[in-house]
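Note that this is a predicted model, so its numbers are computed, not measured. Atoms within a ligand are numbered from 1 in the order they appear, just like the ligands themselves.
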Amino acid sequence: MRLLIQGGRVPDPAHGIDGPLDLLIEDGKIVQIGESLRAEGAQVLDASGLTAAPGLVDMHVHLREPGFEAKETVATGCASAARGGVTTLVAMPNTRPATDCPEMVRLVRDKAALTGVNVLPAGAVTLGQKGEQLTDFAALKAAGAPALTDDGVPIQNLALLRRAMQEAKKLGLPLLDHCEDRDMVRSYAVNEGTVSQALGLPGRPAIAEELQIMRDVMLAEETGAHVHICHISTARGVDIVRQAKVRGVRVTCETCPQYFTLTEEEVLRQGTMARVNPPLRTQADVEGIRMGLIDGTIDAIVTDHAPHTAEEKAQPLPDAPSGMVGLETSLALALTGLYHTGLLPLGRVLALMSASPAALLGLDKGTLAVGTDADLVLFDPGQEWVIDKNQFASKGRNTPFHGRTVRGKVKYTISQGNIIYMEG
Ligand code: DOR
Ligand code: ZN
């Protein structure tokens, strides 16, 4: 199996390459990168006018299977990933049962094996994500879990969290934490502020997130563990991480397109479609997130792809589940919001979505170099298109971005040398 990708622009600052180049792929690996390559008998893919980038690495995805197949399955979630240019993803453990034992890690991996997407199931920190008893971290790691997290259920018990960090450190596993104090946020639907007031609803305050980030940073500093803050959404949260990094704390963080694109006002326009945890915040927070992306405080852009059914999202705002799908819109939203606005160079946006998350998870992914896995996304960075939720491969249609005009369109997704998505 040989595939020659001709004439794509390869913006890979790590290797000092930036220009139209050819890539030759053999047996799932990149074997040659250069100008005007020749390869007798190879399948040729004309990539002129397109950007050839490393396949995206999305380290925060809810695939829902087992237990919530009406929302998404591993197969539909992976088809959605492929359509969005994502070739590697970390699957969150809040399934039913939770991914809290090696058998469950293997089950998710087995289901994903046929999809062509590299799925890495994160292990739960506590049994059943109940926040009471630690799981067997070593066994989860041996089964293929790249990280530990109770995402969806913030960890409240500090003695337990501290012990989790001590154990995670021994094994070299990062702990991915959803930071929101449960007593402060309950099951509330929106940010605490002008919008919650306008709606007459109790809100989820920014401080509920910031206190837990502070707590995590201090525990990381004390234990030496690598803590990764999930979907950071507030300006002050970014600032806490920024200062901790200066002190040399092993803390990293991620954000999502919704947090650098939308404010809480979106809830007034779109109701439950804009309900997500942590909630959409203020314009000042959006600017704080952008600053964190610009100065390198934020390490990764992820989706927190969280599909829910139309029936669930049709409930009144206080009752509907939180979350939005994101796999098929993340690259376009990042290019539109960060690159086409001039905030970040193209290579930086792509690194935030591939090389950087891969590096912090210790994965040999996210760069285009001879000898690496041939995971690529080929996209037209300038093409304008309108997001249409009805075109999604995901079962989830819950996006606040339906109807939005964006720039940057995925044309091909290639995973280990196989074309797993092709436009049209
Ligand atoms: O909005 C969210 N939805 N945030 C989470 O942390 C969990 C996710 C889900 O599982 O639906
Ligand atoms: Zn979360």
Do T329 and F392 pass the side-chain contact (heavy atoms from CB on, under 4.5 Å) test, and can you show the C-alpha distance, the side-chain angles, and the key distance before you say yes or no? CA-CA 9 Å; T329 52; F392 288 169; 3.9 Å; yes
Test V410 against Y421 for side-chain contact (heavy atoms from CB on, under 4.5 Å), laying out the working first. CA-CA 9 Å; V410 175; Y421 169 73; 4.0 Å; yes
Check K313 against P321 and note the closest heavy-atom contact, atom names and distance. NZ-O, 2.9 Å
Does M324 have a heavy atom less than 4.0 Å from any atom of ligand 1? no
Provide the atom name of the closest N, O or S atom of D151 relative to the Zn ion (ligand 2). OD1
Between W385 and E328, the two heavy atoms sitting closest are CH2-O, 3.9 Å
Might you point out which heavy atoms bring N191 and A206 nearest each other, and give the distance in Å? OD1-N, 4.2 Å
Considering only non-hydrogen protein atoms, determine which one is nearest to atom 3 (N) of ligand 1 and report residue, atom name and distance to 0.1 Å. S322 O, 3.1 Å
Which of the atoms of ligand 1 are close to V276, meaning less than 4.0 Å from one of its heavy atoms? 1 (O)
Using the side-chain contact (heavy atoms from CB on, under 4.5 Å) rule, take V117 and T88 through it: C-alpha gap first, then chi angles, then the decisive distance, then the call. CA-CA 6 Å; V117 175; T88 293; over 6 Å; no
Contact atoms of ligand 1, heavy-atom distance to D304 under 4.0 Å: 4 (N)
May I ask you to check whether D304 brings an N, O or S atom to under 2.8 Å from the Zn ion (ligand 2)? no
Tell me, which protein residue and heavy-atom name are nearest atom 8 (C) of ligand 1, and how many Å apart are they? H62 NE2, 3.7 Å
Taking backbone and side chain together, does H231 place any N/O/S atom at a distance below 2.8 Å from the Zn ion (ligand 2)? yes
May I ask you to decide if the ring planes of H178 and H231 are parallel, tilted or perpendicular, using 30° and 60° as cut-offs? perpendicular
Before accepting this row, confirm whether a basic side-chain N of the pair K245/D299 lies closer than 4.0 Å to the acidic partner's carboxylate O. yes
Could you tell me, atom by atom, which parts of ligand 1 come under 4.0 Å of a heavy atom of A306? 3 (N), 8 (C), 9 (C), 11 (O)
Got a salt bridge between R281 and E264, using NZ or NE/NH1/NH2 to carboxylate O under 4.0 Å? no
Quick check: does H178 have an N/O/S atom under 2.8 Å of the Zn ion (ligand 2)? yes
Applying a heavy-atom cut-off of 4.0 Å, say which part of R64 lies close to ligand 1: side chain, backbone, both or neither. side chain
Show which atoms of ligand 1 fall inside a sub-4.0 Å distance from at least one heavy-atom site of H308. 11 (O)
For atom 1 (O) of ligand 1, the closest protein heavy atom turns out to be N277 N, 2.9 Å
